[in-house]
Amino acid sequence: MSVSALDVPTGLPGAPDRRLVTLGRVRGMGAFLVVLAILTVLAFGVATPGSAHATFTLSAPPAVSVAPLEMSVRTVAVVCAILTAGLGALLVSRRGARGSYLIFGLGVMSFLWAFLTWAARGNDLNFEQMLAATLISTTPLVYGSLSGIMCERSGVINIAIEGQFLAGAFLGAMIGSVSGDLWLGVLAGAAAGAAFGWLLAFLALRYGADQIIVGVVIVAFCTGLTNFLTEQVLTPYQTTLNSPQTFSPIAVPLVDKIPIVGPVLFDQNVFVYLAAVLVVSVNVALFRTRWGLRVRSVGEHPHAAETVGIHVMSVRYRNVVLGGLIAGIGGASFTIGSVGEFSSEMTAGLGYVALAAMIFGRWRPFGALGAALLFGFSVSLQSFLAVLNVGIPSPFLAMAPYVITIAVVSGLVGRVRPPAADGTPYHRE
Amino acid sequence: MRLELRGVTKRYGSLVANDHVDLTVEPGEIHCLLGENGAGKSTLMNVLFGMVRSDEGEIRIDGEPVRFADPGEAVAHGIGMVHQHFMLVPVFTVAENVVLGFEPTRPLGFLDRRRARADIRRLSEQFGLAVEPDAVVEDLPVGVQQRVEILKALQRDARLLILDEPTAVLTPQESEALFAIVRSLAAAGRSVLFITHKLKEVLSVADRITVMRLGRVVGTTTAAESGESELATMMVGREVELVVHKGPAHPGAAVLEISGLTVADERGLVAVDGVDLTVRAGEILAVAGVQGNGQTELAEAITGLRAVVSGSIRLDGQELAGRSPDVAIAAGVANVPEDRQVDGLVLAMTVEDNLVLDIFDRAPFARHGARDLAAVRANAEARLVDFDIRAPSPVVSVGSLSGGNQQKVVVARELSRPVKLLVASQPTRGLDVGSIEYVHRRIVEERDRGVAVLIISSELDEVLALGDRVAVMYRGRITGVVDPGAGRDRIGLMMAGVDATDGDRPGPEAPGPPAVAGDGGAP
């Protein structure tokens, strides 16, 4: 306060200390956890016979073997309920919001553990396979949400991720199959995604068309086009056009020998590693470089960016095309990364789930990764539960990822703050 | 830098926003550009800053003709601009905002934050602009945000600084501090172009003054050569009254009683914090304060547009807190909102429909669920005459009218039904002098008719001219209720959060008149 006399008369301290009157978000999360805890005790504890046990197998056959874990369902339910309720109470009693998401995440994980134990009662659940399946379903979601982050951080909503997925998956499979070179397939997938990214940018930026509508139209177009081409071209020439190889896993020496996590994390194909590299590099680029500062300024306050000489339109064009490219690679991972052939509408709405992961992750790459893992887990959970025969009809289990998506975007975990100019066309005066 | 504009002309369709404007700013000079809203000042600045291209004319810098395709080129030529609506990214830090577009980097494009901070500290000390480089801009008071804008221009080595209505969001004391900064910049050889419509500040800060009216330069003068009333006459084109004529108030019983009112803003933060206020029949209570201190939320709570966290709002004993706008309307609350184009009017609809927006579904304007368009037309024709609304016909869209006439449409609608309480927020914002006079006269007439009037304004002159009592709001609280005769300096301090009861504490080293210490309110 002593640089000069000039700052005296304002009488205003540095930052306002206005308190929060409506602590809705954090308290709501806390209350939700407490409800989960009660559910845990009632459904998994009280309603289960005390003798019920669940067995978790912790290693797949060829790996270093770890003894299976056997647990009493009721004990686990009670312990987890206490943990969840405790975390919920912690949230309710807190004043600040910092770290709330972490606490909430731990509480949900504790609930899921109790649920899994209950679902696997009297059965064997291969935990490692489950983690591996989670990672497989997570990978495309990571690409999708990074695509969304690239676009929305510059102020353009990319709701066409689903369409870019389909285009990338289709062309990746076809080029990979015809050429026999999977890397060409990846390039083709990236190009297909980038092309539809460019189309979105062209219509939304050049003509100021509504970004949501353009996005939906692109998804509809990609769905129709790939359906048509699958029927007319891929199916008749299945062996030449739709039988690509898939990337085989590459083990990272030494770390792949770590029990449980080693084989899950460090014996994967190139798509998984690339996704990890992208999360880190997009994060660094957005928050540490000149490029990122400019992109974020365009997404928050394009007018301000313009007045300091930043070309708003070119920044947006570039980012939307780059975002499409990333989604295209993610699309290719569906075909040449795992299944080995393209089938109609194989992305099953995961492009939209990726969008939800981006929102849940608050437009940050690591946040989106966390959210993608949660969604990926719920996708893999669904197939495992179907096998375990838990008594919940499988269509309901199949809804799980989408129910979570709706809960997330409707604000169960609080209103999140998108880039201020997200979705708003920019016009110079 | 010596800046010359010669014959700059900008047309928007048939409207000539700038008509052969000539202007010269000498090096180290503080040049004020004075004019009413709509006189063409902003257009001229946008031309100068490369935001808008002129149709004719040329710009010379130090004798060299220049032409800017975008703001980046203007900046490269040493022109810096502090916009009325700050061009700052709210979620960025001060340092990020200052270096944006001009970033010091390390290899591979990584930001060099350390150098950015050091640059800011150096400029801060050189020009006396205290600011913390790592603070997030949206957490800063507007006065400090403005310093960030000035720093931004200085960091780009601006030799001509354009300030567009810079005092609109400042307390009087903050304005004085800004003038001191401006003088020190001029002393350092930088030129300053200061755009404003406030006569008082022109006279206190300008070396030379250029007055614009209806897109043209009316004349250039100096503060020594002309006084307030000459400038006002040049600006408006006729003699103007600078005071509001009103007799003493004859307050009656309390109409509006607010107690313990707490209201939250969009983010759930306290905006109005335990406010108690009473407005009596036949008096004008004016709420002063720098914009963003809860006044908007207070008005919205009273008119039913915003939920109330706690407390009560009673109108003649009837509880209005948490009720909807139609309850408030039925109870006799008239609302002239802050932003007429967003909350006051449906711009695409006709004048006649806008005049009955609040009661279009009732007799005499509707019967058995069908509208009576003849009644609506008759009403509009009467109102256009009563309220001196200049519209070509009642069926033109209200968006095609001038700001002054739009505001008259709002006032006409709100005062056309039985009213007990008139809430008017920024009632003359963006209006020309003629419309300001008219709106003020109308408000005083309502008071004399026995209506309780609550005026919310961030223009201190307006508050002092209209208010029978003045309540000052700061950070959601009422810092005090005083007589308008209490003096600008004391009210200014209250606007900065200093309690009225210790208003006689001298502002240490504060520039400006020491009147604060003299006749401030002794307890």
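Chain A is the first sequence line, chain B the second, and so forth, proteins listed ahead of strands; every chain is numbered from 1.
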Check: B:N293 side chain, B:R475 main-chain N or O, donor-acceptor pair, under 3.5 Å
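Between the backbone of B:R475 and the side chain of B:N293 there is a qualifying donor-acceptor contact (under 3.5 Å).
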Donor-acceptor contact present, side-chain B:S124 to main-chain B:L129, <3.5 Å
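Here the side-chain-to-backbone pair exists.
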Part of [X] lying under 4.5 Å from any heavy atom of chain A:
X: B:R113; value: side chain
X: B:H83; value: side chain
X: B:F110; value: both
X: B:E132; value: neither
X: B:F49; value: side chain

So, B:F92 versus A:H301, ring centres under 6.0 angstrom or not?
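Ring centres of A:H301 and B:F92 not closer than 6.0 Å.
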Largest heavy-atom contact set with chain A, pairs under 4.5 Å, which of B:G492, B:A74, B:G109
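The residue among B:G492, B:A74, B:G109 with the greatest pair count is B:G109.
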Counting only heavy atoms from other residues, nucleotides and ligands, does the tally under 6.0 Å from CZ of B:R114 exceed 12?
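Incorrect, the count does not exceed 12.
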Taking only distance into account, with no hydrogens and no angle test, what donor-acceptor pairs under 3.5 Å do side-chain atoms of residues 149-158 of chain B form with protein atoms, sequence neighbours excluded?
residue	atom	partner	partner atom	Å
B:E149	OE2	B:M87	N	2.5
B:K152	NZ	B:M87	O	2.5
B:R156	NH1	B:V98	O	2.8
B:R156	NH1	B:K152	O	3.0
B:R156	NH2	B:L100	O	2.1

Would you sort out whether A:V108 and A:L33 count as a side chain to side chain contact (heavy atoms under 4.5 Å, CB included), showing the intermediate values?
CA-CA 7 Å; A:V108 171; A:L33 285 187; 4.3 Å; yes
Quick one: closest heavy-atom pair of B:L178 and B:P166, and the distance?
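So the two residues come closest at CD2-CB, 3.6 Å.
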Which heavy atom of A:V298 sits nearest a heavy atom of A:A305, and at what distance?
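Looks like CG2-CB, 4.0 Å.
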Salt bridge check: are B:D134 and B:R117 linked by an N-O gap of less than 4.0 Å?
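So B:D134 pairs with B:R117 through a salt bridge.
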Show your working on side-chain hydrogen bond (donor to acceptor under 3.5 Å, both in side chains) between B:N18 and B:S54 and close with a plain yes or no.
CA-CA 9 Å; B:N18 287 154; B:S54 62; over 6 Å; no
Residues of residues 280-296 of chain A near chain B, each having a heavy atom less than 4.5 Å away
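Expected list: A:V284, A:F287, A:R288, A:T289, A:R290, A:L293, A:R294, A:R296.
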Could you name the residues of residues 316-329 of chain A that have a heavy atom within less than 4.5 Å of a heavy atom in chain B?
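The stretch does not come within 4.5 Å of chain B.
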Identify, with sequence neighbours excluded, every residue that meets side-chain hydrogen bond (donor to acceptor under 3.5 Å, both in side chains) alongside A:Q211.
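Here no residue qualifies.
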